[in-house]
Amino acid sequence: MGGVPSTPRKTGGDDVSVAEYLIATFVGEKSFPLASDFWNKLLELPLSSRWPSDRVQQACELFAQSNGYTRHLAKLLIHLSWCLQELLQASDDQSSLYKKAVNATYISSVFLKYLIENGKSDSLQELHLSLDESEPVPHGFVMDQDIQNFVMHSVLSFIGSNEVSPNSYVLHQELLNFMLVTMSTQLLSGPSHGPTDANPFIDAAMTQEKSLVSLVVRRLLLNYISRHRTPPNAKSYMYSDGDSQGILERVGSAAASLVLLPLNYLVSNSGGSKNPLAECSLHVLLILINYHKSIMSDESMTDKSDDSATSESVSKVHVFSSDNTFSKALANARDVEFDRSDVEGNAHPAGPHVRIPFASLFDTLGMFLADEGAVLLLYSLLQGNSDFKEYVLVRTDLDTLLMPILETLYNASKRTSSNQIYMMLIVLLILSQDSSFNSSIHKMILPSVPWYKEHLLHQTSLGSLMVIILIRTVQHNLSKLRDVYLQTTCLATLANMAPHAHHLSAYASQRLVSLFYMLSRKYNKLSDLTGDKLQSIKINLSGEDVGVSEDLAAELQIFTDFLRLVLDILNAILTYALPRNPEIVYAIMHRQEVFQPFKNHPRFHELVENIYTVLDFFNSRMDSQRSDREWSVQKVLQFIINNCRSWRGEGMKMFTQLHFSYEQESHPEEFFIPYVWQLAFSRCGFGFNPDAINLFPVPHPVEKEIEDERGEESEGKAKVQELNEQRIVFDP
């Protein structure tokens, strides 16, 4: 039972034949017990070993047939756990242990991934994550323990407790790729997760003790912040030399292009990251914090409505989501420099806290917000972690975060992901819920904005730039994407900002009035079309016309709401901040004719009435001085500034100050889990059999080419249904 096959002698460059022999034995039909010396020989293979892709594919196919009998996957995972435990306990030279752990991680990833993506059963029985009852086991090993829990505890313990160093870098990288492989069972399920979905490894991760989870979240965040470069001693292992294939290229370190059918046509090519450890750490964290396991409970109730001796038992089934310990750990993260509870005595949830440098995290996010993963992490922190959100809001350099977001939104038409646009807009909406944020962004003056090409922006406030970009996004959406949720998010953010506007620039003020004009033209056009269609129905009584009329009426209602919202934004500035915003007064006076058609309109007159109160105030004073002087732009503006001092708001009707907040839906994972996995494909070099993916639609290569040719319009319409269910709530 404990025998080991004899291996060929290592003569010169014979490492390939040795590796092939040992791997062939591993995938063969003979079962080797846990204590066999075969495992040491397998795990002591040189890290530089190379193996042709067709042979790896062949080996995986053979392994899928033999693993049910040999249980070699389960045994290899146990040896991986033992290697990691030894490393955590060892104090002397660990180079041989590191090599064994790297090999165990890599080989496990290769064959586990093949079994996952080629599995036939919904419960992933093909993994055979248990030992045969007759299996002789070493002293101290508990036979009936869950192997997935055993290995995940060891992997997470090493990641959380072991510092990344030149010696441990490769193992950390391989373990993160192993995590991606184990969690890829999610790809097999549909976007609507159910209690029967099989995710044994990620479920095991969720059951780990809170202290360990906190260590792991801290390490993943620190990896992302530190952005460790690949050390020189790891490059020969991780990257290819000449024509030989390196480990990262072999399986994207156990994931990309060798064993599996690559998905390079599914996602954009990142061109290879300079910081693969940081990228994988981020995406492993995003997958962990967005995981939700559905649990079904069966409650029995006795119906005693009938007074008879018999009673009927009624069963009710409830489906709910279990707690996510990783999400909670991120939400409870605290700054290493400052803890609000130390000063204010606030009671935070009991349990260990992740302590990370918020300043470094803030700066790192600011540098990489053009990347979608960074935007998702920022969203997760702002949405779930009140301490980090408060830290962001008190920073005096908010341009660190806002400028990359605004620049990306400015360039949104250049093939920016629609999901990325939505997440950035939600981030802005969340920030705009705070009045101090809305005030502070107008105090920060930008010397120039070189990437804005339509107009020279010189000495413009950050708040004015934000208004300009949000309006530009609305206008672009009206002409191209026509997405109601995007429009609503932009206008809700502008409404939150409006009462706090301070010295809004001339260009921002002009764009705001132009937005009203653009929406009014669309409204008038729809109103005329709706009236014509109603007349047509009365004459023709056509069922098809009725359907068209209903669509027009619905669209007219949408633009009615948009127009009212823009009028509310203008009213908020005029009511609460007119003396501080002479440029908005100038813009309204300059284009006052655009408001005339709505002066007596039943749906808008009460909002337009305030605008005419302002116009009457300034027009009357200007008329009294107009007879003997020429009015240049500068003279008119100076006149407005002078008369703003005597403005008292007399005659203005006070409306409820609008305030919108973002509220996440009850099942956000239906949007975020598919989105995060697509990012993992893109940024981590992770590939998967496209025919096995049910989590999101996978385009075939020909379909992908057609989509690319369609350009931004098709991009904007893709995959927004789940996100549209996130709610923007008006707070009265």
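By convention here, the first residue in the shown sequence is residue 1. Since we're looking at a predicted model, the values are computed, not measured.
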Between the main-chain N or O of [Y] and the side-chain N or O of [X], is there a donor-acceptor pair closer than 3.5 Å?
{"X": "His503", "Y": "His442", "result": "no"}
{"X": "Asn324", "Y": "Ser327", "result": "yes"}
{"X": "Arg334", "Y": "Ile356", "result": "no"}
{"X": "Ser520", "Y": "Tyr517", "result": "yes"}
{"X": "Ser440", "Y": "Phe437", "result": "yes"}
{"X": "Asn477", "Y": "Thr473", "result": "no"}
{"X": "Asn438", "Y": "Ser432", "result": "yes"}
{"X": "Gln420", "Y": "Ala370", "result": "yes"}
{"X": "Asp335", "Y": "Phe358", "result": "yes"}
{"X": "Asn385", "Y": "Ala333", "result": "yes"}

Out of curiosity, [X] [atom1] to [Y] [atom2], how far, rounded to the nearest 0.5 Å?
{"X": "Leu288", "Y": "His283", "atom1": "CG", "atom2": "NE2", "value": "13.0 Å"}
{"X": "Leu393", "Y": "Ser386", "atom1": "CG", "atom2": "OG", "value": "11.0 Å"}
{"X": "Leu221", "Y": "Leu330", "atom1": "CG", "atom2": "CG", "value": "6.0 Å"}
{"X": "Asp371", "Y": "Thr408", "atom1": "CG", "atom2": "OG1", "value": "10.0 Å"}
{"X": "Leu615", "Y": "Phe617", "atom1": "CG", "atom2": "CZ", "value": "12.0 Å"}

Practice task
Could you pull out all residues at least two apart from Gln383 that satisfy side-chain contact (heavy atoms from CB on, under 4.5 Å)?
Solution key: Tyr379, Ile430, Tyr662, Gln664

Practice task
Using the test side-chain contact (heavy atoms from CB on, under 4.5 Å), find all partners of Val375 that sit at least two apart in sequence or belong to another chain.
Solution key: Leu369, Met423, Met424

Indicate yes or no: at least one non-hydrogen side-chain atom of [X] is less than 4.5 angstrom from one of [Y].
{"X": "Val636", "Y": "Met622", "answer": "yes"}
{"X": "Leu491", "Y": "Val566", "answer": "yes"}
{"X": "Glu372", "Y": "Leu376", "answer": "no"}
{"X": "Pro357", "Y": "Leu222", "answer": "yes"}
{"X": "Gln487", "Y": "Leu478", "answer": "yes"}
{"X": "Leu457", "Y": "Ser448", "answer": "no"}

Problem - ring-ring contact (aromatic ring centres under 6.0 Å, His included) between Phe672 and Tyr675, intermediate numbers included - result: CA-CA 5 Å; Phe672 287 106; Tyr675 183 27; 7.3 Å; no

Exercise for the section: Give a yes or no on this: more than 12 heavy atoms of other residues, nucleotides or ligands lie within 6.0 Å of atom NZ of Lys328. Expected result: no

Do [X] and [Y] have side-chain atoms, one donor and one acceptor, less than 3.5 Å apart?
{"X": "Gln592", "Y": "Asn619", "value": "yes"}
{"X": "Tyr391", "Y": "Glu337", "value": "no"}
{"X": "Arg395", "Y": "Thr400", "value": "no"}
{"X": "His667", "Y": "Glu669", "value": "yes"}
{"X": "Ser436", "Y": "Ser439", "value": "no"}
{"X": "His601", "Y": "Tyr523", "value": "yes"}

Practice task
Examine Arg227 relative to Tyr224 and say whether NZ or CZ is less than 6.0 Å from the centre of the six-membered ring and inside a 45° cone about the ring axis.
Solution key: yes

Practice task
Fit a plane to each ring of His455 and Tyr507, take the angle between them on a 0 to 90° scale, and name the class: parallel (under 30°), tilted (30 to 60°) or perpendicular (over 60°).
Solution key: parallel

Practice task
Fit a plane to each ring of Phe516 and Phe595, take the angle between them on a 0 to 90° scale, and name the class: parallel (under 30°), tilted (30 to 60°) or perpendicular (over 60°).
Solution key: parallel

Taking every non-hydrogen atom, the tightest pair across [X] and [Y]:
{"X": "Leu462", "Y": "Leu398", "result": "CD2-C, 4.2 Å"}
{"X": "Ala587", "Y": "Val513", "result": "CB-CG2, 3.8 Å"}
{"X": "Leu465", "Y": "Thr460", "result": "N-CG2, 4.0 Å"}
{"X": "Thr493", "Y": "Leu428", "result": "CG2-O, 3.9 Å"}
{"X": "Ile468", "Y": "Ser505", "result": "CD1-OG, 4.3 Å"}
{"X": "Pro579", "Y": "Pro582", "result": "O-CD, 4.2 Å"}

When the side chains of residues 605-613 are checked against the rest of the protein, which donor-acceptor pairs come out under 3.5 Å, sequence neighbours left out?
from, atom 1, to, atom 2, distance (Å)
Glu606, OE2, Arg564, NH1, 3.0
Glu606, OE2, Arg564, NH2, 3.1
Glu609, OE1, Lys653, NZ, 3.4
Asn610, OD1, Lys653, N, 2.8
Asn610, ND2, Asn571, OD1, 2.8
Asn610, ND2, Lys653, O, 2.8
Tyr612, OH, Gln596, N, 3.2
Tyr612, OH, Gln596, OE1, 3.0
Thr613, OG1, Glu609, O, 3.0

Practice task
Kindly state each residue pair satisfying side-chain hydrogen bond (donor to acceptor under 3.5 Å, both in side chains) with at least one member in residues 576-586, sequence neighbours excluded.
Solution key: His502-Arg580

Practice task
Go through the steps for Gln557 and Asp561 under the test side-chain hydrogen bond (donor to acceptor under 3.5 Å, both in side chains), then give the verdict.
Solution key: CA-CA 6 Å; Gln557 182 58 51; Asp561 295 339; 3.0 Å; yes

Completion exercise
So the salt bridge (Lys or Arg N to Asp or Glu O under 4.0 Å) pairs with at least one residue in residues 586-596 (sequence neighbours excluded) are Arg591-Glu593

Exercise for the section: Determine, stepwise, if the pair Met652 / Leu574 fulfils side chain to side chain contact (heavy atoms under 4.5 Å, CB included). Expected result: CA-CA 9 Å; Met652 296 286 283; Leu574 297 177; 4.1 Å; yes

Could you give the side-chain donor-acceptor pairs of residues 641-651 under 3.5 Å, partners two or more places apart or in another chain?
from, atom 1, to, atom 2, distance (Å)
Asn642, OD1, Gln638, NE2, 3.0
Asn642, ND2, Gln638, O, 3.2
Asn643, ND2, Phe639, O, 2.8
Ser646, OG, Asn643, O, 3.0
Arg648, NH1, Arg645, O, 2.9

